[in-house]
Amino acid sequence: MSTNDTLPSANFIRQIVTNDLKEHKHNGKVATRFPPEPNGYLHIGHAKSICLNFGIAAEFKGTCNLRFDDTNPEKENIEYMQSIERDVKWLGFDWAGLFNASDYFEQLYLYAEQLIEQGLAYVDSLSADDIRAYRGSLTEPGKESPDRSRSIEENLDLFRRMRAGEFADGQYVLRAKIDMASPNMNMRDPAIYRIRRVHHHRTGDKWCIYPMYDYTHCISDALEGITHSLCTLEFEDHRPLYDWVLEQLRNIDSIPPKPEDALLKVKYVEQAAKLHTPQQIEFARLQLEYTIVSKRKLNQLVTEKHVKGWDDPRMPTLAGLRRAGFTPKSIRDFCERIGVTKQNSWIEMGVLEYCIREDLNENAFRAMAVLQPLRVVIENYPADQVEQLEISNHPQKPELGKRQVPFTQVILIEQDDFAEVPPPKFKRLIEGGEVRLRGSYVIKCNEVIKNAAGVITELRCSYDPDTLGKNPEGRKVKGVIHWVSEPESKVAEIRLYDRLFTVPSPDNEPNFLDVINHDSLDVLEGCRVEASLAAAQAGNGYQFERTGYFCLDAIDSVDGKLVFNRTVTLREGGWAKD
RNA sequence: UGGGUCGUCGCCAAGCGGUAAGGCACGGGGUUUUGAUCUCCGCAUACCAAGGUUCGAAUCCUUGCGACCCAGCCA
């Protein structure tokens, strides 16, 4: 509770909004929207946009809508919609309104007819290849399509017949009539409607023509009364088109009769009257080292089974991060820390790791788990005794209570916590040496037992009964190691995750599949965790002392089988290498 | 070579003409029954470069240089 989400810093968007409010722009309102296309799962990059949009709205007492940008039915589906709603809520946000671009298909169509009637759009019969050829290049102007001079009547007729399904897919396209010589490629008569006989997950087969993004997005924003339309840098060049479309529509003062739908006509008139000017503002998208946030590539990782699904803990998706044990708060904190600017930048993994460690260090209960067990027999401890030790759930927060941890003659410690030939500064157990068992006694190693192959199979130790809750007298024991009772502990599978890629920017590789880290998952079977962890809850983070933060795997922990995922290691002081 | 955008510490990022915030990372002390946490200290005479304006410039002007985006009937 003490560490709040980081204090907001002045980013340029907050400054713009603050200033707009001061000038009473947009009638003193702030309305944003998060507009994902439902063609994949949300990822950490979306989190930045979500936090920005919902955050700005909340901060300035405005509203934020969730709007599905579902204008391309070929790639979109209901599963993605549902996952998006779930992930936005999980991140901690609630939308003022839930909309779909497809809700506006009828209005969008009517506006298109308007554009045609004003001589601002035309139906083109050029093939896709020809349109590309006619577009010119970055340095040469394009040339006008022969259909550009088609009469308004004919355009209207053709467009209506496009909607009626009289033409084949791709036969015609509706284009905005702007400027084929514009230095901005987006203004060279962009296509705004195409013919596609594809079943849409929401509108079914009602439409065989679908509006394009540039045409749809600005109108959707205007219809919803969005004041600040925040998007990423690659849309900077689209802003003139965004503004152009709305500008033309605002200039239309006569609303033509639409006899087939009187109710719609009324709405249409109202909306046209209040069509206002949202302000598009672009910011840099998130680039996180060692990850990929291209939906196409994430999709490929899933479909080609390089990972186990969209929610694989190695995925940078919100579903993956959730399953890995990241908390919504840590991700919100991350999004605040990285800032919002127009600079292309790469964020180091260390920032995200810091955020989750900070949250979990503060809130996660501590527990003990031995990943690679080594048997330790305490010779001077009663063989049949089970002693319940009370250990604090959090060393700095006694208010989180205590738990009971059983101690017995035979315990298990980490193989790494014993060394026959200790490296310099080694402060764990060595033959003849003493070490503190966390929350328990100090033990001394008397003998090392090996098998025929020379592998250590057991340690014979003795304990000092006078060291429970106090330091031994006359000597210092500097090492502390974790342990677990051999008979009283539970068996668990523990999955150790590492970064999915071996290079900081896999997106820049010729083939990102070539730099997949094949050691990104290490499944440890036969790990032993303290008894209290049998009641672990998925969704809670736990610190396995001295080894890292873990969470119960929400999917695979069934029928009493315990599976834990490592969220992140503890910060390492540099000793782990020895 | 057309248009758009951006260049402040290893990585982010404040700064908006008055003399370089902060975070992460890193290095070093201290505390500690987690080599964790916590805590203290250090970390850009310098803001892509070069000129210029000014009493004064990271902030204004000029000219360079570098990076990113744009030629889908994707979003």
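A quick note: this is a predicted structure, and the numbers were derived from the prediction, not measured. In what follows, chains carry the letters A, B, and so on, assigned in the order in which the sequence lines appear, proteins first and then strands, with residues in each chain numbered from 1.
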Nucleotide [N], atom [atom2] - distance to [atom1] of [X] in whole Å:
X	N	atom1	atom2	result
A:Phe159	B:rC73	CZ	C1'	13 Å
A:Arg357	B:rU34	CZ	P	18 Å
A:Asp189	B:rC73	CG	P	12 Å
A:Phe365	B:rU34	CZ	C1'	17 Å
A:Ile195	B:rG72	CD1	P	19 Å
A:Glu289	B:rA25	CD	C1'	11 Å
A:Arg239	B:rC70	CZ	P	16 Å
A:Met187	B:rA71	CE	P	16 Å

Describe the nucleic acid contact of [X] in one word from base, sugar-phosphate, nothing, applying a heavy-atom distance below 4.0 Å.
X	result
A:Ala191	sugar-phosphate
A:Arg366	base
A:Tyr354	sugar-phosphate
A:His482	nothing
A:Glu353	nothing
A:Gly479	nothing
A:Leu468	base
A:Asp69	sugar-phosphate
A:Lys295	nothing
A:Ile131	base
A:Ser345	sugar-phosphate

[X] side chain: which of [options] is closest?
X	options	answer
A:Arg428	B:rG72, B:rA36, B:rG35	B:rG35
A:Lys425	B:rA36, B:rC70, B:rG35	B:rG35
A:Thr139	B:rA14, B:rC68, B:rU1	B:rU1

Ignoring hydrogens and geometry beyond distance, is the side chain of [X] in donor-acceptor contact with the base of [N] at under 3.5 Å?
X	N	value
A:Asn184	B:rG4	no
A:Glu140	B:rG2	no
A:Arg571	B:rU37	no
A:Glu348	B:rC12	no
A:Glu336	B:rA13	no
A:Glu236	B:rU5	no
A:Glu282	B:rU5	no

Could A:Arg403 and A:Phe365 be counted as a cation-pi pair, given that NZ or CZ must be under 6.0 Å from the ring centre and within 45° of the axis?
no
Is it true that the NZ or CZ of A:Arg499 lies under 6.0 Å from the centre of A:Tyr290's six-membered ring and within 45 degrees of the ring axis?
yes
Mark yes or no for whether A:Ser505, through its side chain, and A:Asn508, through its backbone, hold a donor-acceptor pair below 3.5 Å.
no
State whether the side chain of A:His43 and the backbone N or O of A:Val293 hold a donor-acceptor pair below 3.5 Å, judged by distance alone.
yes
How far, in whole Å, is [M] from [N] if one measures between their [atom1] atoms?
N	M	atom1	result
B:rC24	B:rC61	P	35 Å
B:rG17	B:rA58	P	13 Å
B:rG7	B:rC41	P	32 Å
B:rG28	B:rA46	C1'	24 Å
B:rA21	B:rG15	C1'	8 Å
B:rU31	B:rC40	P	15 Å
B:rC65	B:rG18	P	31 Å

Nucleotide forming a Watson-Crick or wobble pair with [N], both distances under 3.5 Å:
N	answer
B:rC73	none
B:rC68	B:rG4
B:rU54	none

Which comes earlier along RNA chain B counting from the 5' end, the contact point of A:Gly439 or that of A:Thr341, where each point is its nearest nucleotide?
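Counting from the 5' end, the first nearest nucleotide belongs to A:Thr341.
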Could you say whether A:Glu234 or A:Arg436 is positioned toward the 5' end of RNA chain B, judged by the nucleotide with the nearest heavy atom to each?
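Closer to the 5' end of RNA chain B: A:Arg436.
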Find the distance between CG (A:Leu174) and CD1 (A:Ile192) and round it off to the nearest 0.5 Å.
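These two atoms lie 4.0 Å from each other.
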What's the separation between atom OH in A:Tyr549 and atom CD1 in A:Ile356, rounded to the nearest 0.5 Å?
9.0 Å
Measuring to OP1 and OP2 of B:rG15, would you say a side-chain N or O of A:Gln15 lies under 4.0 angstrom away?
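True: A:Gln15 side-chain N/O within range (under 4.0 Å) of B:rG15 OP1/OP2.
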Mind telling me if B:rG72 is syn or anti? Syn here is a glycosidic angle within 90° of 0.
syn
Does the gap between the ring centers of A:Phe564 and A:Phe550 come in under 6.0 Å?
no
If you measure from the Lys or Arg side-chain nitrogens to the Asp or Glu carboxylate oxygens, is any gap between A:Arg14 and A:Glu336 under 4.0 Å?
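Looking at A:Arg14 and A:Glu336, the cut-off is met.
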On the 0 to 90° scale, with breaks at 30° and 60°, tag the A:Phe235-A:Tyr213 ring pair as parallel, tilted or perpendicular.
tilted
